[in-house]
Amino acid sequence: MSTPIDLRSDTVTLPPPEMRRAMTEAALGDDVYGEDPTVNALQERAAALVGMEAALFVPSGTMGNLVAVLTHCGRGDEIILGDQSHMFYYEGGGASVLGAAAMHTLPTGADGTLDPAAIEVAVRPANDAHFPSTTLICLENTHNRRGGMVLPPSYIAAVRAVADKHGLMLHLDGARVCNAAVAHGVSVAQAAGPVDTISLCLSKGLAAPVGTVLCGSRDFIKKAHHWRKVVGGGMRQAGVVAAAGLYALDHMIDRLQEDHDNARHLAEGLCAIKGVMLRQRAVETNIVFVDMAGTGIVPQRLSSTLKDAGVLAGATGSVVRFVTHYGIEHADVEEALSRVARAVRTA
Ligand SMILES: *Cc1c(COP(=O)(O)O)cnc(C)c1O
């Protein structure tokens, strides 16, 4: 049987050989003492990239978002975020479970936005004993469950204005903010917009094996450093993995354009197959959701039918997610399309 083409996620990326070399040769120290030169270099590099004062290296995007919540919010504070956001949907309720913060969800629009007017309505009145205290708004750029849609800088600025009016902090789950920057042809700092804090994943399309950087003001990062220790995220000779992150920021951002081109090509090809329909507003970055109900393949068999045909993808009901990433070439997309077409034809 031919090698499967793995389009489940951009987290399946393997580090390029030069990244592995950088890991082997990294200068190391004990990062809990702040003495790992490679971790320190990564943190400085990441802060500069997003245009903030400081950054903190954490093991995962989930921990980056959790540490942000622990740092921004006290017990019983309320967070306004989207009902389709990764923080609400996929992080085990960590903000509430571990952070004792309530999550006030608003409907996520098809473009990944939350209506700024609805955010304003959701902010709790101050000085009333009945209400939790709203302290934080969270956005996601690009938006995972909205097919990698990019939030325009003007939209983030509009939410910033609401946050400022009510004295709230604004956190960006920027797991794929580098994809947003490349898609809009702007800097990562511009794609992040005027937020207070951002978490940026190194282990998705940027192909590092592990790690996220949480960025913010010097004061915020000092407090976040404490919370990272509390949740067990203090790592020792973490320069081994930070070296991969540094390599990722230096060499892997610009090539994301290839993933976006491949995703568009994949989406067009999939939608040319009878019974397959695009299930998102537009293909702006590297994520493609399609609805395959029209193919007649029963939802329970979609994943296994595609897998038998040599294409790995993520199915939820009749909706299937395909993600392009480092290691997937144009020719792989062509091959995946012919495999999917054959699977649909013979199903
Ligand atoms: C992957 C992802 C995360 C979490 O990252 P992990 O490293 O898997 O914990 C957070 N937010 C978004 C939007 C993601 O896609």
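Everything quoted here is computed from the prediction, not taken from an experiment. In listed order, ligands and their atoms are each counted from 1.
To the nearest 0.5 Å, atoms CG (Leu14) and OH (Tyr326) are separated by 8.5 Å. Between the NE2 atom in His260 and the OG1 atom in Thr324 there is a gap of 7.0 Å [rounded to 0.5 Å]. One distance of note links CG of Leu28 with CG of Asp36; it measures 5.5 Å at 0.5 Å rounding.
Remark: distances from the non-hydrogen atoms of Met63 to ligand 1 are all 4.0 Å or more. In this structure, Met87 does not count as a contact residue of ligand 1, since none of its heavy atoms falls inside 4.0 Å of the ligand.
The closest protein non-hydrogen atom to atom 1 (C) of ligand 1 is Lys204 NZ, 1.3 Å. With hydrogens left out, the protein atom closest to atom 6 (P) of ligand 1 is Gly61 N, 3.4 Å, a heavy atom. Nearest protein heavy-atom contact of atom 11 (N) of ligand 1 is Asp173 OD2, 2.6 Å. In terms of protein heavy-atom proximity, atom 9 (O) of ligand 1 is closest to Thr62 OG1, 2.6 Å. Among all non-hydrogen protein atoms, the one lying nearest atom 10 (C) of ligand 1 is His86 ND1, 3.2 Å.
Taking both residues in full, the closest heavy atoms of Pro132 and Glu78 are given as CG-OE2, 3.6 Å, listed atom of the first, atom of the second, then distance.
Which parts of ligand 1 touch Ser60 is read off a 4.0 Å heavy-atom cut-off, strictly below it: atoms 7 (O), 9 (O). Below 4.0 Å from some heavy atom of Cys201 lie the following atoms of ligand 1, by number and element: 5 (O). Counting atoms of ligand 1 from 1 in the listed order, those under 4.0 Å from a heavy atom of Glu140 are 13 (C). Every atom of ligand 1 with a heavy atom of Asn144 under 4.0 Å away is listed here by number and element: 15 (O).
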Apply side chain to side chain donor-acceptor pair (under 3.5 Å) to His72 and Thr197, showing your working. CA-CA 10 Å; His72 283 306; Thr197 56; 3.0 Å; yes
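Leu98 pairs in a side chain to side chain contact (heavy atoms under 4.5 Å, CB included) with only one of the listed residues (Val230, Val69, Leu66), which is Leu66. Checking each of Arg228, Lys223, His226, His171 against Thr71 for a side chain to side chain contact (heavy atoms under 4.5 Å, CB included) leaves exactly one that passes, namely Lys223.
Only the side chain of Arg176 comes within 4.0 Å of ligand 1, judged by heavy-atom distances.
Remark: Arg255 engages Asp259 in a salt bridge, criterion side-chain N to carboxylate O under 4.0 Å.
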